[in-house]
A.B. asks: 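Could you have a look at this structure, given as structure tokens, before my questions?
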Amino acid sequence: MSQLLKSDFYQRDAREVAKDLLGCVINREVDGIRLRGRIVETEAYLQDDPACHAYKGLTPRTKAMFKAGGISYVYLIYGMYYCFNAVTGKEGNGEAVLIRALEPLEGLDTMAKLRKTDKVKNFCSGPGKLCLAFNIGKNENLKCLESGPVTISEGSREEEIYTTTRIGISLGADLPYRYYLKGNQFISKK
DNA sequence: AGAGCGATGGCCT
DNA sequence: GGCCATCGCTCTA
């Protein structure tokens, strides 16, 4: 079993963490079954960035973002989907990395049930999809990424990193804060 | 392959 | 009351 990422990994600029998370592995247990997925697509959100939930300051929803890096920030979007973020930076900085897509590694049968599809490429190829596949919801908000219930461990990356603008936002749409692995089949969008 | 759109609920003004 | 860091279905081609 490879090493879990430590808090100092997360307590850096979200853009650096977003790139370094590519190739790392998310671990989760659902009904005694181990689920693992390799991170292949991320987006960085910074406090001085108008697309960031923390842009307007601390609110009940965004309090996780202002804590020290190394915990989760999970929120509900469009009334029906959750998005999973790794909080980054020092305490008091409102920033995080959105995990947008995973390459399924282990527990594919469970993912198929949770996603109600047999198409592996459709299991985790989007932020809402991967939360369904890993059964991540509001209970997983504000949790330590080293102790769980969701953890992230070191991985390997041989692919080149592509950098583009972020998906699904209007403000800050020109900022190049989206990162993904070149040629990977499990990203949400080219 | 791609555009359009409805579902659905919490947060914030 | 308006706005979403989305998804899957339908329609057109």
Side-chain angles (χ1 to χ4, degrees), chain A residues 10 13-22 24 26 37 39-67 69 71-89 93-104 110-143 145 150 152 161-181 184-190:
Chain A
Y10 298 100
D13 186 293
R15 291 164 293 196
E16 295 305 310
V17 178
K19 282 183 273 191
D20 291 344
L21 278 173
L22 293 174
C24 294
I26 295 196
I39 299 171
V40 298
E41 178 181 347
T42 59
E43 285 179 359
Y45 287 86
L46 301 174
Q47 192 171 352
D48 64 353
D49 153 15
C52 181
H53 291 167
Y55 181 68
K56 292 177 184 163
L58 178 62
T59 68
R61 178 174 67 148
T62 61
K63 77 172 189 179
M65 297 189 84
F66 287 87
K67 294 194 175 288
I71 64 167
S72 59
Y73 168 46
V74 178
Y75 64 89
L76 180 69
I77 189 67
Y78 299 112
M80 34 190 346
Y81 297 105
Y82 289 96
C83 290
F84 177 78
N85 297 249
V87 172
T88 61
N93 287 6
E95 55 173 83
V97 173
L98 171 67
I99 309 300
R100 284 197 58 89
L102 304 175
E103 175 177 340
T110 297
M111 294 185 202
K113 280 182 198 153
L114 291 166
R115 288 285 296 117
K116 305 185 195 306
T117 175
D118 291 326
K119 298 191 169 73
V120 179
K121 275 200 251 189
N122 201 25
F123 285 177
C124 304
S125 54
K129 295 179 188 179
L130 70 90
C131 283
L132 288 170
F134 278 64
N135 195 31
I136 290 172
K138 61 182 189 302
N139 290 343
E140 283 68 44
N141 190 29
L142 282 161
K143 295 293 193 293
L145 295 175
V150 179
I152 308 181
I161 295 175
Y162 275 10
T163 302
T164 68
T165 53
R166 295 170 293 184
I167 292 178
I169 56 170
S170 49
L171 299 172
D174 55 329
L175 296 170
Y177 292 168
R178 173 174 176 252
Y179 312 93
Y180 65 90
L181 295 179
N184 191 279
Q185 299 302 299
F186 300 92
I187 61 174
S188 67
K189 188 172 179 289
K190 305 230 183 204

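Proteins come first, then strands; the chains are lettered A, B, ... in the order of their sequence lines, and each starts at number 1.
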A.B. asks: P atom, dA5(C) versus dT13(B): distance in rounded Å?
C.D. replies: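 Roughly 14 Å separates the two P atoms.
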A.B. asks: Consider the side chain of Y75(A), meaning its heavy atoms from C-beta on, and name the nucleotide among dA5(C), dA7(B), dC4(C) that approaches it most closely.
C.D. replies: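 Selected nucleotide (nearest to the side chain): dA5(C).
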A.B. asks: What pair of heavy atoms forms the shortest contact from P104(A) to F186(A), and how long is it?
C.D. replies: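 Smallest heavy-atom distance, with atoms named: CD-CD2, 3.6 Å.
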A.B. asks: Taking the side chain of R115(A) as heavy atoms from C-beta outward, which of dG8(C), dG10(B), dC11(B) is closest to it?
C.D. replies: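 Within the option list, the nearest is dG8(C).
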A.B. asks: In whole Å, I'd like the distance from the CD atom of E41(A) to the P atom of dT6(C).
C.D. replies: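 So the CD-P distance, E41(A) to dT6(C), works out to 10 Å.
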A.B. asks: Reckon R166(A) touches a base, only the sugar-phosphate, or nothing at all at heavy-atom distances under 4.0 Å?
C.D. replies: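 Nothing, no heavy atom under 4.0 Å.
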A.B. asks: Roughly how far, to the nearest 0.5 Å, is the OH atom of Y177(A) from the CG atom of D49(A)?
C.D. replies: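 Output value for this atom pair is 6.0 Å.
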A.B. asks: With respect to the side chain of Y81(A), which nucleotide from dT6(C), dC4(C), dA5(C) is positioned closest?
C.D. replies: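 That would be dT6(C).
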A.B. asks: Out of dC12(B), dA5(C), dC4(C), which has the shortest distance to the side chain of Y78(A)?
C.D. replies: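 From the listed options, dC4(C) comes nearest.
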A.B. asks: Applying a 4.0 Å non-hydrogen cut-off, can you work out what G79(A) is touching in the nucleic acid: base, sugar-phosphate, or nothing?
C.D. replies: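 Base contact.
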A.B. asks: Return the value, rounded to whole Å, for the distance between atom CD1 of I77(A) and atom P of dA7(B).
C.D. replies: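 Rounded to the whole Å, the gap is 18 Å.
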A.B. asks: If we take the P atom in both dT8(B) and dT10(C), what is their distance in whole Å?
C.D. replies: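 Per the computed distance, 15 Å lies between those P atoms.
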A.B. asks: Check the geometry between Y45(A) and dA5(C) and answer yes if their rings are stacked (centres below 5.5 Å, planes below 30°), otherwise no.
C.D. replies: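 Yes.
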A.B. asks: Taking the six-membered ring of Y45(A) (Phe, Tyr or Trp), confirm whether the NZ or CZ of R166(A) is under 6.0 Å from its centre and within 45° of its axis.
C.D. replies: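 Judged by the rule, R166(A) and Y45(A) form a cation-pi pair.
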A.B. asks: Return yes if some donor-acceptor pair links the side-chain N/O of T62(A) with the main-chain N/O of L58(A) below 3.5 Å, else return no.
C.D. replies: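 Pair absent, no side-chain N/O of T62(A) close to backbone of L58(A).
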A.B. asks: Would you please enumerate the stems DNA chain B participates in, each stem being three or more consecutive Watson-Crick or G-U wobble pairs with both distances under 3.5 Å?
C.D. replies: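 Stem list for DNA chain B: B:1-7 with C:6-12, B:9-12 with C:1-4.
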A.B. asks: To the nearest Å, how far apart are E95(A) CD and dA5(C) P?
C.D. replies: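 Going from CD in E95(A) over to P in dA5(C) covers 18 Å.
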A.B. asks: Roughly how far, to the nearest 0.5 Å, is the SG atom of C124(A) from the CZ atom of R115(A)?
C.D. replies: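 Nearest 0.5 Å value for the CZ-SG distance: 8.0 Å.
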A.B. asks: In whole angstroms, how far is the C1' atom of dC11(B) from the OH atom of Y82(A)?
C.D. replies: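 Distance, rounded to whole Å: 13 Å.
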A.B. asks: Between P on dC3(C) and CZ on R61(A), what's the gap in Å once rounded to a whole number?
C.D. replies: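 Rounding to the nearest Å, CZ of R61(A) and P of dC3(C) are 15 Å apart.
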A.B. asks: Ignoring backbone atoms, establish whether R100(A) has a side-chain N or O less than 4.0 Å from OP1 or OP2 of dT6(C).
C.D. replies: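 Looking at the OP1 and OP2 atoms of dT6(C), one of them is under 4.0 Å from a side-chain N or O of R100(A).
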A.B. asks: Looking only at atom P, what distance separates dC5(B) and dA13(C), rounded to whole Å?
C.D. replies: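 The same atom, P, in both gives a distance of 15 Å.
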A.B. asks: Give the minimum heavy-atom separation between D118(A) and F123(A), together with the two atoms involved.
C.D. replies: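 Scanning both residues, the minimum pair turns out to be C-CE2, 4.0 Å.
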A.B. asks: Could you state the atom-to-atom distance from CE of M80(A) to C1' of dC9(C) in whole Å?
C.D. replies: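 Spelled out: CE on M80(A) to C1' on dC9(C) is 12 Å.
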A.B. asks: Distance check needed: dT6(C) P versus N85(A) CG, whole Å only.
C.D. replies: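 Between P of dT6(C) and CG of N85(A): 11 Å.
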A.B. asks: What is the distance, rounded to the nearest whole Å, between atom NE2 of H53(A) and atom C1' of dC4(C)?
C.D. replies: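 Those two atoms, NE2 and C1', are 7 Å apart.
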A.B. asks: Let me see the working for H53(A) and Y75(A) under ring pair (Phe, Tyr, Trp, His ring centres under 6.0 Å), right down to the final yes or no.
C.D. replies: CA-CA 10 Å; H53(A) 291 167; Y75(A) 64 89; 4.6 Å; yes
A.B. asks: Any idea which of dC4(C), dC12(B), dA5(C) is nearest the S170(A) side chain?
C.D. replies: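 The answer is dC4(C).
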A.B. asks: When you measure from the side chain of L76(A), which nucleotide among dC12(B), dG8(C), dG9(B) comes out closest?
C.D. replies: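 Of the candidates, dG9(B) comes closest.
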A.B. asks: Of the options dC12(B), dG8(C), dA5(C), whose atoms approach the side-chain atoms of I169(A) most closely?
C.D. replies: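 The listed nucleotide nearest to I169(A)'s side chain is dA5(C).
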A.B. asks: Say you draw a straight line from CD1 of I161(A) to CD of E41(A); how long is it, rounded to the nearest 0.5 Å?
C.D. replies: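 If I round to the nearest 0.5 Å, the distance is 12.5 Å.
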